[in-house]
Amino acid sequence: MEYKDYYKILGVDRGATKAAIKRAYQKLARKYHPDVSKEPDAEAHFKEVNEAYQVLKDPKSRQSYDQLGSGWQQGQEFHPPPGWHFEFSQEGFDPQQMDLGGFSDFFSSIFGARGSSGSYGSGYRESQLRGSDLHTRIQLNLEDAYGGTQRTLSLQTEHQASHGQSAPGVRQLSVHIPKGICEGQQIRLPKQGGVGIGGGPQGDLFLEVTFAPHPYFHAEGRNIYLDLPITPWEAALGARLKIPTLGGSVMITIPVGVKSGHKLRLKGRGLPGQTAGDQIVTLRIETPPASSPAATELYHQMAKTMPFNPRSF
């Protein structure tokens with residue numbers, strides 16, 4: 001008989017965790033489930049994937065399978081070692097889950113279960129698979145992230161049709177945007193994902209938050225950043241200015257003699273949360289243009305009155 005490399009069948013390496021093996025199985029089972037798959041030989045692939053998973057998901061059967069060695073290649077002629085014997089424990093053997101309409105000769109030779117002539121019931125049509133999780137993005141304004149809001153989304157999705165297969169459709173979803181959500185965070189909508197197979201439960205829908213460009217602000221985590229243009233005389237003499245924040249306008253003090261690039265921190269004026277972010281204000285000195293003869297003359301007077309060389313090299 002031919003050797004079956006169950007790790008290769010599931011597309012995982014021999015050191016794969018139990019969780020990784022389960023994820024690989026769920027992906028392939030959805031791909032090849034005969035009720036929904038359009039793949040050629042879907043039923044045969046589905047049986048093979050299920051057989052591999054039943055062996056590798058159980059620590060006892062996986063350890064026994066691994067004892068056969070890793071030197072075998074998929075499809076090579078194989079015979080179990082003399083005296084080899086293994087039986088599934090009551091805990092590890094689940095006829096309903098393992099019912100694939102018969103196991104391969106390779107499986108039967110190792111584990112002593114019924115081979116291709118045996119069956120435990122209705123086969124793959126009793127298999128229930130959870131629907132796949134779906135991922136998409138939702139773009140928010142910073143103001144919506146700051147205060148929270150309710151959004152309605154139209155999604156191209158699938159639903160369970162009367163014949164048991166999935167069919168396309170459009171769904172309207174009302175989504176609660178929590179106050180203080182950050183870019184990159186996800187909103188989970190339970191049972192709004194892919195349709196289950198064989199009556200299995202729906203997966204979840206995950207919305208990854210992105211922020212729309214803002215005319216004044218940008219966010220980094222919970223902190224909000226604002227570039228604030230100021231005049232040379234405001235920088236030299238100091239000033240009191242009204243500036244915007246996501247929570248409304250506030251007054252700030254510009255220190256005397258401040259330089260361009262100087263940062264002011266407004267504590268707690270960023271996105272709210274258990275620890276609220278701050279608003280970071282970066283001062284940018286803007287030089288008025290010499291757009292008239294009077295302005296040009298004033299610049300000449302400044303050069304004479306305040307000789308200044310900002311270059312140290």
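Please read these numbers as outputs of a predicted model, since none were measured by experiment.
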Asker: Please check this pair: side chain of Q185 against backbone of C182, looking for a donor-acceptor N/O pair closer than 3.5 Å.
Answerer: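 Side chain of Q185 to backbone of C182, a donor-acceptor pair under 3.5 Å: yes, one is there.
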Asker: Just by modelled atom types, is the K191 backbone N or O under 3.5 Å from a matching donor or acceptor in the D204 side chain?
Answerer: yes
Asker: Check R14 with D66, please: is the shortest side-chain N to carboxylate O separation under 4.0 Å?
Answerer: yes
Asker: Side chains of P288 and Y299, heavy atoms from C-beta outward: is any pair under 4.5 Å?
Answerer: yes
Asker: If we ignore hydrogens and angles and just use 3.5 Å, is the side chain of R222 paired with the main-chain N or O of G180 as donor and acceptor?
Answerer: yes
Asker: Does a donor on one side chain sit under 3.5 Å from an acceptor on the other, for E183 and T210?
Answerer: no
Asker: Are I243 and S249 side-chain neighbours, meaning at least one heavy-atom pair lies under 4.5 Å?
Answerer: no
Asker: Tell me who clusters with M251, hydrophobic residues only, linked when side chains sit under 4.5 Å apart either directly or through other members.
Answerer: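 Traced through the cluster, M251 reaches no other member.
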Asker: Keeping to residues at least two apart or across chains, list the ring-ring contact (aromatic ring centres under 6.0 Å, His included) pairs with something in residues 222-268.
Answerer: H218-Y225
Asker: Taking N141 for its side chain and D144 for its backbone only, find out whether a donor-acceptor pair lies under 3.5 Å.
Answerer: no
Asker: Under the 3.5 angstrom rule, does the side chain of E234 hit a backbone N or O of T231 as a donor-acceptor pair?
Answerer: yes
Asker: Side chains of R30 and Y25: do they bring a donor and an acceptor to under 3.5 Å?
Answerer: no
Asker: Does either side chain, that of S154 or that of Q172, offer a donor lying less than 3.5 Å from an acceptor on the other one?
Answerer: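 There is such a pair (donor and acceptor under 3.5 Å, judged by atom type) between the side chains of S154 and Q172.
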Asker: F211 and Q139: which non-hydrogen atoms are nearest, and at how many Å?
Answerer: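 Shortest heavy-atom separation between F211 and Q139 comes out as C-CG, 4.0 Å.
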Asker: Knowing that exactly one of I280, V250, D278, L226 qualifies, which makes a side-chain contact (heavy atoms from CB on, under 4.5 Å) with L266?
Answerer: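 For L266, the side-chain contact (heavy atoms from CB on, under 4.5 Å) check succeeds only for V250.
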Asker: Donor-acceptor check, side chain of Q202 to backbone of P190, threshold 3.5 angstrom: yes or no?
Answerer: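 Checked: no pair found.
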Asker: Applying the 4.5 Å side-chain criterion to the ILVMFWY set and letting contacts propagate, would L140 and L173 be lumped into a single cluster?
Answerer: yes
Asker: Output the distance between atom CD (E297) and atom OG (S292), rounded to the nearest 0.5 Å.
Answerer: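 Here the rounded value is 10.5 Å.
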Asker: Can you tell me how far NZ of K47 sits from CG of D41, rounded to the nearest 0.5 angstrom?
Answerer: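 Reported to 0.5 Å precision, the distance equals 11.5 Å.
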